[in-house]
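To keep things clear, I will list the structure first and then write my remarks on it.
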Amino acid sequence: MTEPPHKPARDAAREPDAPPLPPGLYPVATPIGNLRDITLRALDTLAQADLVVCEDTRVTGRLLAHFGIAARLRSYNDRNAARQRPAILEALNAGKSVALVSDAGSPLISDPGYRLVVDAIAAGHRVEAVPGPTAAIAALQVSGLPTDRFRFVGFLAPKDAKRRRQLAELAGETGTLIFYESGPRLTASLRAMADILGDRPAAVARELTKRYEEVRRGMLAELAAAWDTAPKGEIVVVVGGRADDDAREPGHDVDALVRAGLAAGDSVRSVADAVADATGLPRRSVYQRALALSNEAPQERGPASQ
Ligand code: SAM
């Protein structure tokens, strides 16, 4: 939230003859940095809802105060979701309108809300999106990578072996890949991506819509060497999908994919299956290679939980 408070926008933004909000659940997107990215409809909905469900009442309280909106807030986050859900569903059953927001961006996108939406649908309630900013799409738009097909991955596992296994499963994806990342983990993740996916074009989008917004584009290995210290702020990594001719290219790093699977503790058979699927190479030859690699350097292996 980088903007200084200004004149409350609520009255200017409200549609004068806006009909009352029908009962239902409204996932409402809020800005990912620049407060002027809030939509007029988001302001209408937040002002009119009987209840605003949010991750952190202090964060959303500040946002609403900035726009001169007084709302009833209830917290709903990873720690209390199971406890809070029945009361929110009760409010919906009682005919209330409930807005659902996260701290920033679009709720449900690497943020809470999925189970609440599922339960509200199952109970027959109206569920209507009030769309707006999301970091994944903003990063994709400025990445310079293909936008016609993409896969949103979200956060990779923090532990290296599991992260490498997740990447091995993504190696065959031909659409552009979108990851959420943190500064302290950025370099290790970029290195793992270069090792497992091969050196592909990528973009690191940091602090989008904020004062220190920065987008660096380059090959994965080059980007992995670009920061001497962990960069600050919020980060999205966008990576090109598998090129059509990668699969049968002699240089395709089957060994790296196999080693990543073995290091994560997977069996030779399941590693071979996953790598054959990812690369399009014949199952039998990948199995034989996996078998050979499984007999080398046992110290590289680790338990599946790592
Ligand atoms: N629901 C949010 C959305 O719609 O983008 C994402 C929530 S997730 C918990 C937070 C992550 O989103 C951050 O760790 C970062 O990867 C990404 N992110 C959020 N705001 C960002 C920004 N302004 N610039 C770059 N990445 C951002």
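Here, residue 1 is the first one in the sequence, and each next residue gets the next number. We count ligands from 1, going down the list as the structure has it; atoms in each ligand are counted the same way.
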Under the 6.0 Å and 45° cation-pi test, does Arg269 pair with Tyr287? yes
Is any side-chain N of the basic residue among Lys210 and Glu234 closer than 4.0 Å to the acidic one's carboxylate O? yes
Among Val236, Ile137, Val237, which one has a heavy atom closest to atom 26 (N) of ligand 1? Val236
Starting at OG of Ser75, measure out to CD of Gln84 and round the result to the nearest 0.5 Å. 5.0 Å
Please say whether Ile109 places an N or O atom under 3.5 Å from an N or O atom belonging to ligand 1. yes
Is there at least one pair of N or O atoms, one from Pro107 and one from ligand 1, spaced under 3.5 Å apart? no
Please state which option from Leu108, Leu208, Ile32 has its nearest heavy atom closest to atom 24 (N) of ligand 1. Leu208
Compute the minimum heavy-atom distance from Ser182 to ligand 1 and say whether it is under 4.0 Å. no
Does at least one non-hydrogen atom of Phe155 fall below 4.0 angstrom from an atom of ligand 1? yes
Using a 4.0 Å cut-off to any heavy atom of Lys210, which atoms of ligand 1 qualify? 23 (N)
Out of all atoms in ligand 1, which are within 4.0 Å of some heavy atom of Glu207? Include the element for each. 23 (N), 24 (N), 25 (C)
Starting from atom 8 (S) of ligand 1, which protein heavy atom do you reach first, and at what distance in Å? Ser110 O, 3.7 Å
Considering only heavy atoms, does Glu213 approach ligand 1 within less than 4.0 Å through its side chain, its backbone, both, or neither? neither
Quick check on the 6.0 Å ring-centre criterion: do Phe152 and Tyr180 meet it? yes
So, Glu213 and Arg211, do they make that salt bridge, N to O below 4.0 Å? no
Contact between ligand 1 and Thr209 is defined here as a heavy atom of the residue under 4.0 Å from a ligand atom; is it met? no
Sidechain N-carboxylate O distance under 4.0 Å for Arg191, Asp195: no
In the protein, which heavy atom is nearest to atom 13 (C) of ligand 1, and how far is it? Glu234 OE2, 3.5 Å
What's the spacing between Ile137 CD1 and Ile178 CD1 if we round to 0.5 Å? 5.5 Å
Mode of Ile235 contact toward ligand 1 - side chain, backbone, both, neither (heavy atoms, under 4.0 Å): backbone
Does atom CZ (Phe155) have a neighbourhood of more than 12 heavy atoms from anything else shown, all under 6.0 Å? yes
Do the side chains of Glu181 and Arg185 get close enough for a salt bridge, i.e. N-O under 4.0 angstrom? yes
Short list, please: which atoms of ligand 1 are under 4.0 Å from a heavy atom of Ser106? 1 (N), 3 (C), 4 (O)
From Met193 atom CE to Arg200 atom CZ, the distance as rounded to the nearest 0.5 Å: 10.5 Å
Quick one: does ligand 1 sit under 4.0 Å from the side chain of Ala29, the backbone, both or neither, non-hydrogen atoms only? neither
Checking a contact table here: which protein heavy atom is nearest atom 4 (O) of ligand 1, and how many Å away? Thr134 OG1, 2.7 Å
Apply salt bridge (charged side-chain N to carboxylate O under 4.0 Å, His left out) to the pair Asp160 and Arg163, showing each step before the final yes or no. CA-CA 5 Å; Asp160 195 51; Arg163 178 167 50 198; 3.2 Å; yes
Working to the nearest 0.5 angstrom, can you tell me the gap between Ile88 CD1 and Leu100 CG? 8.0 Å
Assess Ala104 for proximity to ligand 1: is some non-hydrogen atom of it under 4.0 Å away? yes
Applying salt bridge (charged side-chain N to carboxylate O under 4.0 Å, His left out) to Lys232 and Glu214, what does each step give before you reach the verdict? CA-CA 11 Å; Lys232 290 194 167 46; Glu214 176 191 41; over 6 Å; no
May I ask you to list the atoms of ligand 1 that are less than 4.0 angstrom from any heavy atom of Glu181? 14 (O), 16 (O)
Quick note on ligand 1: atoms under 4.0 Å from a heavy atom of Ala205 include exactly 25 (C)
Give yes or no for whether the N/O distance cutoff of 3.5 Å, strictly under, is met between Ala135 and ligand 1. yes
So which heavy atom in the protein is nearest atom 7 (C) of ligand 1, and how far is it from that ligand atom? Asp111 OD2, 3.1 Å
